[in-house]
2 protein chains.
Amino acid sequence: MTIKDIARLAGCGVATVSRVLNGGRDVSEETRKRVLAVVAEQDFHPNNNARHLKQRQDTGVAVLVQGSQNLLFADLVERAQALLRERGRQAELYYLDEAADGAAFAAQLCRERKPAGILFLGGAAWDFQRSFAGVTVPCVLLTGSARGLGFAHLSSLTTDDEEAAFQAVSYLLDRGHREIGVLGGGQPLSQIGRQRLRGCRRALEARGLSLDEGRTEPCRYDMADGYAAARRLMERCPEVTAVFAMSDVLAIGAIRALGDLNLRVPEDVSVMGYDGVFLARYSVPRLTTVCQDTDLMARRGVELLLAQIREEGEPVHETAPFRLLEGASVARPREEKKGV
Amino acid sequence: MTIKDIARLAGCGVATVSRVLNGGRDVSEETRKRVLAVVAEQDFHPNNNARHLKQRQDTGVAVLVQGSQNLLFADLVERAQALLRERGRQAELYYLDEAADGAAFAAQLCRERKPAGILFLGGAAWDFQRSFAGVTVPCVLLTGSARGLGFAHLSSLTTDDEEAAFQAVSYLLDRGHREIGVLGGGQPLSQIGRQRLRGCRRALEARGLSLDEGRTEPCRYDMADGYAAARRLMERCPEVTAVFAMSDVLAIGAIRALGDLNLRVPEDVSVMGYDGVFLARYSVPRLTTVCQDTDLMARRGVELLLAQIREEGEPVHETAPFRLLEGASVARPREEKKGV
DNA sequence: CGCCGTTCTGGAATCGTTTCCAGCATCACT
DNA sequence: AGTGATGCTGGAAACGATTCCAGAACGGCG
């Protein structure tokens, strides 16, 4: 069943059928009706491969996600895919290992499948300049690192990670914590991780304290790593009264680790998360966390991508809002061992 | 840069280049080397749209996931996609809302994109017979319902849901629980939900008890629904001493709900989960749950799909193993109010 | 009536592959 | 030397859409 058959059944030429199928300009109302009737009757769907071959581009959009266990992405991905579908664009999802070379994968995807655009979720600092040489496809980076933004077709929507980390640690300091451990940031430390660490340092230095490198535990963004890192941290630095985990997933792993060390949260040790995923609102105890607005991010990210696909102006770089969500995982330190 | 240019540069015909690119049968070693050199030098990638148009099929595989918050699928999806990639098949992921008509979506996907196969994760009872009329694409159903297995191109790998539920509830009964609530199964109740309920009923009847319909709370598979359902259940039936949640995600929501009602887990109420996702091992308290082997399921599921794509024999229907994973969310009932 | 502009139409070229098929060597064997 | 089998090769015909372009039909106007 091809466009030719439809043409025959509708008593017209293939060109006319094609025109009807693509917006129906320059076709009389009568023929249009007739063709559409046949299409519906035969349950005809045009072959995308043929269509894209001729148009030299896919209408679909690729969504690349790096780090599958990060629940922040689960929220974002579902939302983004639904929004894209509403706008008539199929969104294909690709999960990549945290260690994989996302930029190279994306470049290959462009050459082979030629998507109309790419939405990047997470990922370390990718070198678009290098891998995307010669590739011109609209891209949007969500929650990723800002490195390589020189790439001409890349928009971005990222949280001000330094400021968010600054506020998170300040929140802990406000409640009297002085011995603060830090978990996460990628292994090895990613661009984002470094930004967040900068925020931590700034918060500490604003109180005349300094970031103790011995109390930072870089690790990947999954629960197992969060668990392991928290254990290492507490065994090495038992004086720590609060932990700032750079992801809620890590925070969950850390809480479990603390429990296994017979430390209660938040009575003995406070835990601050990051992301504000749905799980944060259901964990025991509820997480106090830096909450990102996934709904807004998905919506705006999709908008930016579609705007670029329509070639409306230059790529833009925006900052996504965040707010501190108070749960029950942070309290004042048990005894202010080192009260200033 | 097309195959024609490569042919020109390598001093041969397009047919030869194509043969080299596809396994290189019937090509002299010398020409093969020469062509490959040019391909590498020019960083040439054949156009997939043209290729698939001619072959009338995509080499890629589609993975359909229904119910994005179900963490069981997160595990499975990542694993399956990685395995497929290893086997040289790009896997595109599509998330569907739990309420969406997955079979219709899949049918449309087949007509438009023509994937080599489809891997289904989850989903209620889909009517393959109806939606897939005329479509012949290899399919594998993982963890889904068994309805519609009459579809000729469908293999399946499913857990024996009835038996698993039987064992889960028996475990609770063994520990002295008599007033047992049940959460989940889809809203409205899915095929799988009904099977699990049958298992519950069988376990209860084996002890001379019966399944009290008033103590079952059908709900969707996400934390918010689990929370709400658990609250409804406990407010209506305060005598309940143990809850069987048909998914770990629901169990987490339920634990939070019980906490908000000032009921401790497991001291006041025990909670049994289902799935054995990574989160189960890190939650507080650790979940006692029916653990499915996601690694094995992904591996075997991919194998079944690839076998069908290679057209090796008839579709098969297999059962995936499970085992009870003991955590700390189940204890004996506080006081055996109705000790037999 | 002749001419032009507008609106609609369908044939044919095109996109970049795969694959059929015919053709040419080369070789072994009668 | 003639024959047939075998191995490589390249030209050309698909695949199923889009889109260019030329042409038909029609109406309005001088």
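The structure displayed is predicted, hence computed values, not measured ones. Any value given below was found using the heavy atoms of this structure, including those in side chains, with hydrogens, waters and symmetry copies removed. So that the names make sense, note that chain A is the first sequence line, chain B the second, and so on, each numbered from 1.
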The reported gap from CZ in Arg113(A) to CD in Glu92(A) (rounded to nearest 0.5 angstrom) is 5.0 Å
Please tabulate the protein-to-nucleotide N/O contacts below 3.5 Å involving nucleotides 13-15 of chain C, giving atom names and distances.
unit_1	atom_1	unit_2	atom_2	d
dT14(C)	O2	Lys54(A)	NZ	2.9

Kindly say whether Arg220(A) contributes a backbone atom to a donor-acceptor pair with the side chain of Gln187(A) at under 3.5 angstrom? no
Nearest whole Å is fine: how far is dC20(C) C1' from Asp26(B) CG? 13 Å
Rounded to whole Å, how long is the line connecting atom CD of Glu30(A) with atom P of dC8(C)? 11 Å
Heavy atoms under 4.0 Å, any strand shown: does Asn49(B) hit a base, just sugar-phosphate, or nothing? nothing
Distances under 3.5 Å only, N/O to N/O: pair up the protein atoms with those of nucleotides 25-28 of chain C.
none

I'd like to know if the side chain of Arg19(B) reaches the main chain of Val27(B), judged simply by a donor and an acceptor atom lying under 3.5 Å from each other, with no hydrogens or angles considered. no
How many whole angstroms separate atom CZ of Arg19(A) from atom P of dC8(C)? 11 Å
Would you give me the side-chain donor-acceptor pairs under 3.5 Å for residues 35-47 of chain A, sequence neighbours excluded?
unit_1	atom_1	unit_2	atom_2	d
Asp43(A)	OD1	His45(A)	NE2	3.3
Asp43(A)	OD2	Arg111(B)	NH1	3.3
His45(A)	NE2	Arg111(B)	NE	3.3
Asn47(A)	OD1	Asn49(A)	N	2.7
Asn47(A)	OD1	Ala50(A)	N	3.0

What's Ser18(B) touching, base or sugar-phosphate or nothing? Going by heavy atoms closer than 4.0 Å. base
Terminal axes of the helix from dC1(C)-dG30(D) to dT30(C)-dA1(D) (5 end pairs apiece), angle rounded to 10 degrees, sit apart by 60°
State the CG-CD1 distance between Asp5(B) and Ile3(B), to the nearest 0.5 angstrom. 10.0 Å
Could you tell me whether a side-chain N or O of Ser155(A) sits under 3.5 Å from a main-chain N or O of Val316(A), the two making a donor and an acceptor? yes
Does any non-hydrogen side-chain atom of Arg87(A) lie less than 4.5 Å from one of Glu303(A)? yes
Quick one: Gln57(B) CD to dT19(C) C1', roughly how many Å, whole number? 16 Å
Its 5'-most and 3'-most nucleotides having an atom under 4.0 Å from a non-hydrogen atom of chain B, DNA chain D is contacted over dC8(D) to dG16(D)
Distance (rounded to the nearest 0.5 Å) between Thr16(B) OG1 and Arg34(B) CZ: 9.0 Å
Quick one, Gln66(A) with Phe120(A), criterion side-chain contact (heavy atoms from CB on, under 4.5 Å). Give me CA distance, side-chain angles, the key distance, then yes/no. CA-CA 8 Å; Gln66(A) 200 152 18; Phe120(A) 292 94; over 6 Å; no
Can you tell me how far apart CG (Leu96(B)) and CG (Asp101(B)) are? Round to the nearest 0.5 Å. 8.5 Å
Sugar-phosphate, base or nothing in reach of Asn48(A), heavy atoms under 4.0 Å: nothing
Check whether any side-chain heavy atom of Val61(A) sits under 4.5 Å from a side-chain heavy atom of Leu305(A), and report yes or no. yes
Which of residues 31-45 of chain A have a heavy atom under 4.0 Å from DNA chain D? Phe44(A)
Is there side-chain contact between Thr158(B) and Thr143(B), with heavy atoms separated by less than 4.5 Å? no
Is any side-chain heavy atom of Leu72(B) closer than 4.5 Å to a side-chain heavy atom of Thr294(B)? yes
In this structure, which one of Ile118(A), Leu304(A), Leu306(A) forms a side-chain contact (heavy atoms from CB on, under 4.5 Å) with Val140(A)? Leu304(A)
Arg89(B) vs Ile309(B), side-chain contact (heavy atoms from CB on, under 4.5 Å): CA-CA, chis, key distance, verdict: CA-CA 11 Å; Arg89(B) 292 194 180 265; Ile309(B) 290 175; 3.6 Å; yes
What's the NZ-C1' distance between Lys4(A) and dA12(C), to the nearest Å? 10 Å
More than 12 heavy atoms of other groups within 6.0 Å of Glu30(B) CD: no
